[in-house]
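Each remark here refers to the structure printed beneath this line.
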Amino acid sequence: MTLTQLEIFSRVAELQGFTSAATRLGITQSAVSHAIKSLEQELQVDLFRRHQAQVELTDIGTQLLLRARAMLGLAATLAQEAADARGMKRGTLRIGSFGPTSSIRLLPRILHDYRREYPDIEVHIDEGPDRQVLQWLEERRVDLGFVVLPQERFDTVPVVEDQLLALIPASHALASEAQLRLDQLCHDPFVLTEAGSAELVSRLFIGAGLRPNIRYRSTQLLSTLETVARGDALSIVAELSLPQAADPRYTSRPLEPAVRRQVGIAVLDRRQASPAALAFIQHAQRLYRR
């Protein structure tokens, strides 16, 4: 068993295909097939079920994938630590990011500062809903991820704090209010964004014994903004997730009482985090220590 075989196995599992894995890795499809066949023969198990052009993991393949990613992560950390000792500062950093809060507001500024000191670190960014980022962290597909705190199963570092706002059409009667209570948002249709604060918003209503009239669910904030702008629904969003150039068709109001949200960076285990990941966290802390 070699690290190369494990890397190929992990890539085939991620992309669900031999051809796509070969393209991503820059090798031939026959090389991918040979590596998987050799690994299966050595372990004496079938790692994949073949379905024409696609493949899917067997039960034992799914179990071994977590181990393989852990081994690859440790190998990458060893390589980066050795490179740092030689003064090379080379390696790869895989980041999980969700929504405008991290992808637009936080990540670009941190990367701008980070790249000046570590120009030879190759940065890979995967974007998805916050639940997806948590899954990527658990599966070791990313080295670190932006998350909504608290997250007790990870090692986390707070970065910024903002507040939740009620989002309403500019023509709505509630637009004349300075602040809005949760019960005032339960009568109209409601759109829930499943991107960064969906669980927090849901817990707010449940804790208050209220049931919003959820008519829409969206995985991206842009869909939520457009739904509210058209006058079809109300919503609750995080302040940092809103575009800096506001759309005149909607407006936002603080909640009463105010609801704060904290966003941070998470790693699966800080003791095993790579030098590149730890350096990124340090840069984030330095930029946002206020």
Side-chain angles (χ1 to χ4, degrees), residues 93-115 123-167 182 191-205 207 217-225 235-246 252-255 257-270 273 276-290:
L93 177 64
R94 300 166 300 173
I95 301 173
S97 181
F98 73 88
T101 299
S102 56
S103 295
I104 297 177
R105 292 294 187 93
L106 303 179
L107 185 55
R109 185 183 176 197
I110 299 171
L111 278 179
H112 178 74
D113 184 72
Y114 180 80
R115 295 286 293 177
V123 179
H124 299 177
I125 301 171
D126 288 323
E127 297 178 279
D130 61 323
R131 294 177 184 174
Q132 185 75 68
V133 174
L134 296 176
Q135 182 179 339
W136 289 337
L137 282 165
E138 289 181 330
E139 294 176 350
R140 299 178 184 268
R141 286 183 54 179
V142 296
D143 301 306
L144 58 85
F146 287 90
V147 298
V148 178
L149 300 178
Q151 295 293 341
E152 296 180 356
R153 62 187 185 275
F154 301 108
D155 289 338
T156 60
V157 174
V159 177
V160 295
E161 184 179 79
D162 66 346
Q163 64 177 330
L164 296 187
L165 302 175
L167 196 67
L182 286 178
V191 51
L192 183 65
T193 307
E194 299 177 338
S197 298
E199 291 186 13
L200 178 55
V201 171
S202 298
R203 288 199 304 268
L204 282 178
F205 283 109
R217 294 178 184 269
S218 63
T219 58
Q220 298 295 330
L221 180 67
L222 288 177
S223 298
T224 296
L225 296 180
S235 189
I236 293 178
V237 299
E239 186 173 17
L240 282 177
S241 69
L242 289 173
Q244 292 176 305
S252 60
R253 294 290 183 269
L255 295 175
V259 179
R260 311 298 295 180
R261 180 189 77 155
Q262 197 168 46
V263 177
I265 298 174
V267 295
L268 193 59
D269 186 343
R270 190 159 184 167
L278 294 176
F280 183 90
I281 292 172
Q282 291 170 0
H283 278 268
Q285 289 179 297
R286 183 168 64 246
L287 285 172
Y288 291 97
R289 65 165 53 100
R290 291 190 298 271

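Heavy-atom basis, side chains included; hydrogens, waters and symmetry copies ignored.
Of the possible polar contacts, none joining the Y114 side chain to the R109 backbone as a donor-acceptor pair under 3.5 Å is found. S218 places no side-chain N or O within donor-acceptor distance of the main-chain N or O of T193, the cut-off being under 3.5 Å. Within the 3.5 Å criterion, the main-chain N or O of Q135 finds no donor-acceptor partner in the side chain of R141. D162 places a side-chain N or O within 3.5 Å of a backbone atom of L240 that can act as its donor or acceptor partner. A distance-only check finds a donor-acceptor pair linking the side chain of S241 to the backbone of A238 [under 3.5 Å].
From L93, atom CG reaches atom CZ of F280 across 6.5 Å, with rounding to the nearest 0.5 Å. With values rounded to the nearest 0.5 angstrom, R260 atom CZ is found 4.5 Å from E161 atom CD. Here CG of L137 is found 12.0 Å from CG of D269. Values are rounded to the nearest 0.5 Å. With values rounded to the nearest 0.5 angstrom, T219 atom OG1 is found 10.0 Å from L222 atom CG. I110 contributes atom CD1, which lies 5.5 Å from atom OH of Y288 (distance to the nearest 0.5 angstrom). Remark: E127 CD to F146 CZ distance equals 11.0 Å, nearest 0.5 Å.
No side-chain heavy atom of E239 sits under 4.5 Å from any side-chain heavy atom of R261. The side-chain heavy atoms of V160 and L106, taken from C-beta on, include a pair separated by under 4.5 Å. A heavy-atom distance below 4.5 Å is found between the side chains of I125 and L111. Side-chain atoms of P254 and Q163, non-hydrogen and from C-beta on, do get closer than 4.5 Å to each other. A 4.5 Å side-chain heavy-atom check between V142 and D126 finds at least one atom pair inside the cut-off. Here the side chains of V201 and L192 are in contact, with some heavy-atom distance below 4.5 Å.
Applying the salt bridge (charged side-chain N to carboxylate O under 4.0 Å, His left out) test to R270 and every residue at least two apart in sequence or in another chain returns nothing.
Atom NE2 of H112 has 12 or fewer neighbouring heavy atoms from other residues, nucleotides or ligands inside a 6.0 Å radius. Q220 CD: 12 or fewer foreign heavy atoms inside a 6.0 Å radius.
Between the side chains of R286 and H283, a donor-acceptor pair is found at a separation under 3.5 Å. No hydrogens or angles considered: a donor-acceptor pair under 3.5 Å links the side chains of S102 and S97.
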Could you walk me through whether L165 and L242 pass side-chain contact (heavy atoms from CB on, under 4.5 Å), step by step? CA-CA 10 Å; L165 302 175; L242 289 173; 4.0 Å; yes
Dump the intermediate steps for side-chain contact (heavy atoms from CB on, under 4.5 Å) on V263 and L149, then the final yes or no. CA-CA 6 Å; V263 177; L149 300 178; over 6 Å; no
Test side-chain contact (heavy atoms from CB on, under 4.5 Å) on D143 and L268 and set out the steps. CA-CA 8 Å; D143 301 306; L268 193 59; over 6 Å; no
Is there a side-chain contact (heavy atoms from CB on, under 4.5 Å) between T101 and V148 once you walk through the steps? CA-CA 10 Å; T101 299; V148 178; over 6 Å; no
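The side chain to side chain contact (heavy atoms under 4.5 Å, CB included) test with Q151 singles out one residue from V133, T156, D130, and that residue is T156. None of L182, V191, L200, V259 except one satisfies the side chain to side chain contact (heavy atoms under 4.5 Å, CB included) rule with I236; the exception is L182.
For E138 and R153, the salt-bridge test passes: some basic side-chain N is under 4.0 Å from an acidic carboxylate O.
The shortest heavy-atom contact between S235 and T224 is OG-CG2, 3.5 Å. Here the closest non-hydrogen pair linking G96 and W136 is CA-CE3, 4.3 Å.
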